[in-house]
Amino acid sequence: PTDAFDIWTTRPSAEQWLALAAAWLSSNRVPSLVGQRDAGTRSTNALAADLSSAYAVDARELTLQILATLPSGQTLATGTGIASVVTRAKWVRPRRPTVYPDLIAATIAEAATLGILGAGGLSEAGRQLADGNLTEASNALAPRLPQPVEHVLLQADLTAIAPGPLDSEVAKPLHLLADVESRGGASVHRFTRDSIRRAFDAGWAAAQVHDF
């Protein structure tokens with residue numbers, strides 16, 4: 001990671017999401033090809049030089065534009081929805097290569113992973129993103145995200161439960177002192193001999209561990 005990653009980790013969650021979503025929308029990389037095998041049966045890795053397409057950005061923008069024609073609150077039909085978007089895209093871009101339908105279908109799956117789609121329909125933030133309103137997209141998402149917390153709940157079994165997304169000033173030292181055991185709305189962090197040793201090796205004193 002570059003220094004930009006360190007800055008990104010300190011940003012509010014909505015701004016972190018916007019950075020990821022905007023980068024995905026403008027990237028010519030094709031994540032859906034990761035893991036597929038080439039003619040030599042070698043698995044394609046995420047950093048492969050040829051894991052890109054000149055049509056990726058166009059496919060994503062067109063897919064979101066088609067989905068934006070659905071009234072707010074409506075979603076794609078189960079089973080036939082993706083096929084209908086692919087058919088519409090082929091009608092709008094009839095001279096695109098045969099890989100174009102695959103890019104359209106992959107866009108829908110990737111947009112769902114990013115939260116641009118929910119249950120086959122554009123989220124409010126996704127709709128703003130599709131319209132190119134980046135600031136409005138971030139603002140639409142922010143009130144729907146849990147607020148960061150600055151404390152954990154210590155348990156007798158050498159774990160600490162974070163009852164929400166941790167503020168970065170708490171998360172960084174906690175990740176040094178403990179291992180993440182489970183993630184979700186509330187994350188669980190376990191203190192072990194090795195994790196405490198990791199903090200000592202990083203220069204922490206026993207008093208600092210207790211104070212934290």
Counting only N and O atoms by type, is there a donor-acceptor contact under 3.5 Å from the side chain of [X] to the main-chain atoms of [Y]?
X: Arg60; Y: Ala111; value: no
X: Asp131; Y: Asn133; value: no
X: Thr159; Y: Val188; value: no
X: Ser138; Y: Thr135; value: no
X: Arg127; Y: Ala68; value: yes
X: Ser52; Y: Asn28; value: no
X: Ser26; Y: Ala22; value: yes
X: Trp17; Y: Pro12; value: no
X: Gln16; Y: Trp8; value: yes
X: Ser123; Y: Ile116; value: yes

Can you tell me how far apart [atom1] ([X]) and [atom2] ([Y]) are? Round to the nearest 0.5 Å.
X: Leu177; Y: Ile196; atom1: CG; atom2: CD1; answer: 5.0 Å
X: Leu158; Y: Glu181; atom1: CG; atom2: CD; answer: 10.5 Å
X: Ser195; Y: Arg193; atom1: OG; atom2: CZ; answer: 11.0 Å
X: Asp58; Y: Thr63; atom1: CG; atom2: OG1; answer: 9.0 Å
X: Thr113; Y: Ile108; atom1: OG1; atom2: CD1; answer: 12.0 Å
X: Asn45; Y: Gln36; atom1: CG; atom2: CD; answer: 13.0 Å

Are [X] and [Y] in one and the same hydrophobic cluster, where Ile, Leu, Val, Met, Phe, Trp and Tyr link if side-chain heavy atoms are under 4.5 Å apart?
X: Val92; Y: Val85; result: yes
X: Leu103; Y: Trp91; result: yes
X: Val209; Y: Leu154; result: yes
X: Phe200; Y: Leu176; result: yes

Over all heavy atoms of both residues, which pair between [X] and [Y] is shortest? Give the atoms and the distance, please.
X: Ala119; Y: Thr75; answer: O-CB, 3.1 Å
X: Leu145; Y: Ala14; answer: CD1-N, 3.6 Å
X: Ser168; Y: Thr9; answer: CB-O, 3.8 Å
X: Leu18; Y: Ala137; answer: CD1-CB, 4.4 Å
X: Leu141; Y: Ala125; answer: CB-CB, 4.0 Å
X: Ile161; Y: Ala186; answer: CG2-CB, 4.2 Å

Using a cut-off of 6.0 Å, state whether more than 12 heavy atoms not belonging to [X] lie near its atom [atom1].
X: Asp3; atom1: CG; value: no
X: Gln208; atom1: CD; value: yes
X: Arg190; atom1: CZ; value: yes
X: Gln155; atom1: CD; value: yes

Take Asp179 and Arg198, measure what side chain to side chain contact (heavy atoms under 4.5 Å, CB included) needs, and give me the verdict at the end.
-> CA-CA 10 Å; Asp179 298 320; Arg198 183 169 64 229; 3.0 Å; yes
[X] side chain near [Y] side chain, heavy-atom distance below 4.5 Å:
X: Leu129; Y: Leu134; value: yes
X: Val170; Y: Phe212; value: yes
X: Val57; Y: Leu25; value: no
X: Leu64; Y: Leu122; value: yes
X: Thr10; Y: Asp6; value: no
X: Trp24; Y: Thr107; value: yes
X: Pro163; Y: Val149; value: yes

Assess whether side chain to side chain contact (heavy atoms under 4.5 Å, CB included) is satisfied between Val34 and Arg29, documenting all intermediate values.
-> CA-CA 10 Å; Val34 176; Arg29 304 291 290 174; over 6 Å; no
Might you work through the side-chain hydrogen bond (donor to acceptor under 3.5 Å, both in side chains) test for Asp194 and Thr192, ending with a clear yes or no?
-> CA-CA 5 Å; Asp194 291 338; Thr192 67; 5.3 Å; no
Run the side chain to side chain contact (heavy atoms under 4.5 Å, CB included) check on Leu76 and Leu67 step by step: do they pass?
-> CA-CA 8 Å; Leu76 295 175; Leu67 291 168; 3.7 Å; yes
CA sep, side-chain torsions, deciding dist, call: His189, Leu166, side chain to side chain contact (heavy atoms under 4.5 Å, CB included) = CA-CA 12 Å; His189 306 256; Leu166 281 172; 4.0 Å; yes
